[in-house]
There are 2 protein chains.
Amino acid sequence: MKLTTLSTEERIIKAASKIFISKGYAGARMQEIADEAGINKAMLHYYYRSKDKLFRVIALASFKEIIPRIGHLIEKDLPLLEKLAAIVDTYLTTFKSNPNLPLFILNELTQQGDEFIDELKAQVAELPRFEYLFAQIQKEVEDGNIRPVLPFHLLLTTMSMTIFPFVCRPVFTGLIGVTNSQYDEIIGSRKEHIVAFLTHALKT
Amino acid sequence: MKLTTLSTEERIIKAASKIFISKGYAGARMQEIADEAGINKAMLHYYYRSKDKLFRVIALASFKEIIPRIGHLIEKDLPLLEKLAAIVDTYLTTFKSNPNLPLFILNELTQQGDEFIDELKAQVAELPRFEYLFAQIQKEVEDGNIRPVLPFHLLLTTMSMTIFPFVCRPVFTGLIGVTNSQYDEIIGSRKEHIVAFLTHALKT
DNA sequence: GTCTATAGCTGGATAGAC
DNA sequence: GTCTATCCAGCTATAGAC
């Protein structure tokens, strides 16, 4: 159990990730990142020239870690329902260990300008080719294996059911009287619900 | 077509809503709100003492407008699927005319502190009593009218399918090559998809 | 590389004339 | 009520010693 064996640079990245992902770009403060890393502000600028540069390192790294995970799943040769289940499982696993990430991504994707998006697209090796998934869905419909459904709707529905619970937690824990552990339980049993739901909804 | 017949106070509210809801509390600037309203910063402080106060007026008003809309639906005496369809329709209609609202709400509910949540709870006349909906779902399951499902999962799924598309738009329009009008079409046909999906997924 | 001190600016808030 | 001018705190960023 090594405690502070991390290099300064690693500590900065770790601290900046935590602060940026929980507070967002506009809400984050360089001072808070420095405190979290156990150094001072000057160090942040020494390693990464500006708040903006540091943010991009963090944000791009986060995005680049998520995107390929489902990217390669999509092109895999798997039966449709198994593939959807694998996508659901990947998202759930990823976000369970980083519950603030979904809101962060959605937020910065809407707030940051086009240059940011372009930089992201340029850096991500390969964006998921959803056409591949859409074609597979289309074929299943045509073969009569599943109920007719617009492929994009099915993708959107699958992603919605899986990711939205992570971003709407405060609606239930804050406003309605759901406790955090009750909510964790729901998230824990989410996969079974989603897979069962998809299975029955697609049955011919 | 009255152009500037609005009182200063109305103009401030309108401008502040626009800026706060699209940029969030941390990202909004008083100067930008003043510009949008066609006045100067001093006026903002004259009417609402601080950024914080102004924000609360806007945020609480937004929340208070949304919450009761489904609150009363939930306790209505309607068959389950019709009730779910009505909830879906209400959300879709509300957010189609204010597409930034969902992300704003989710965001501020996670960013703002407990005092904000408490103030919100105190001001909202009545929070939706989901127990009522849960009991109805439970009964339908017990009567064998729908497939067994945990009531909270069903609510979460319904809300997810309906609201998430509004917050994940930039994922598809920014990263994947979906155009905004294509995405609007999807949102336009969303209700039919969701209702059909729910119907088939719940069939015994 | 790491620190302290501080410059420089942005943005929220106020004073005071009209 | 509305404006201009200005203050001042907080934050990003840099200078310079060690």
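A note on names: the letters A, B, ... follow the listed sequences, proteins ahead of strands, and every chain is numbered from 1. For clarity, every value in this text was computed on a predicted model and none was experimentally measured.
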Visitor: Atom CG of Leu6(A) to atom P of dT2(C): distance rounded to whole Å?
Guide: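 Answer to the nearest Å: 13 Å.
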
Visitor: Provide, to the nearest angstrom, the distance between the CG atom belonging to Asp35(B) and the C1' atom belonging to dT2(D).
Guide: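 Roughly 16 Å, once rounded to whole Å.
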
Visitor: Nearest whole Å is fine: how far is dT12(D) C1' from Ile19(A) CD1?
Guide: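 Taking CD1 of Ile19(A) and C1' of dT12(D), I get 16 Å after rounding.
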
Visitor: Can you measure Glu10(B) atom CD to dG1(D) atom P for me and round it to whole angstrom units?
Guide: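 Those two atoms, CD and P, are 13 Å apart.
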
Visitor: For Tyr25(A), does the six-membered ring have the charged nitrogen or CZ of Lys51(A) within the cation-pi criterion, i.e. under 6.0 angstrom from the centroid and within 45° of the normal?
Guide: yes

Visitor: Just to be sure I understand the rule, does Tyr48(B) reach a base, reach only the sugar-phosphate, or reach nothing, if contact means heavy atoms closer than 4.0 Å?
Guide: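 Nothing: the residue Tyr48(B), judged by heavy atoms under 4.0 Å, touches no strand.
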
Visitor: Separation of Met43(A) atom CE from dA13(D) atom P, in whole Å?
Guide: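 Going from CE in Met43(A) over to P in dA13(D) covers 15 Å.
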
Visitor: May I ask you to evaluate whether Thr8(A) reaches the phosphate of dG1(C), defined as a side-chain N or O under 4.0 Å from OP1 or OP2?
Guide: no

Visitor: With no hydrogens and no angle check, is any side-chain donor or acceptor of Glu185(B) less than 3.5 Å from a backbone partner on Asn180(B)?
Guide: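 Answer holds: no.
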
Visitor: In the 5'-to-3' direction, what one-character label does each nucleotide of nucleotides 12-18 of chain C receive under the scheme B = base within less than 4.0 Å of a protein heavy atom, S = sugar-phosphate only, - = no such atom?
Guide: BBB----

Visitor: For Lys23(B) and dG11(C), give me the distance from atom NZ to atom C1', rounded to whole Å.
Guide: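 The distance from NZ of Lys23(B) to C1' of dG11(C) comes to 14 Å, rounded to the nearest Å.
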
Visitor: Assess, by modelled atom type and distance only, whether the side chains of Glu192(B) and Ser189(B) contain a donor and an acceptor separated by less than 3.5 Å.
Guide: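 Result is no, nothing qualifies.
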
Visitor: Between Lys18(A) and Ser22(A), what is the shortest heavy-atom contact and its length?
Guide: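 So the minimum-distance heavy-atom pair works out to O-OG, 2.8 Å.
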
Visitor: Expressed in angstrom and rounded to an integer, what is the separation of Ile33(A) atom CD1 from dC11(D) atom P?
Guide: 12 Å

Visitor: Within this structure, what is the CD1-to-P distance between Ile39(A) and dG1(C), rounded to whole angstrom?
Guide: 13 Å

Visitor: Regarding Lys121(A) and Asp114(A), does a basic nitrogen lie under 4.0 Å from an acidic carboxylate oxygen?
Guide: no

Visitor: OP1 or OP2 of dT2(D) versus the side-chain N and O atoms of Asn40(B): is any pair under 4.0 Å?
Guide: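 The answer is no; no side-chain N or O of Asn40(B) sits under 4.0 Å from OP1 or OP2.
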
Visitor: Using salt bridge (charged side-chain N to carboxylate O under 4.0 Å, His left out), reason through Asp184(A) and Lys96(A) one step at a time and then give a plain yes or no.
Guide: CA-CA 9 Å; Asp184(A) 285 337; Lys96(A) 267 182 205 170; over 6 Å; no

Visitor: May I ask you to decide whether Arg56(A) forms a salt bridge with Glu115(A), counting only side-chain N to carboxylate O separations under 4.0 Å?
Guide: yes

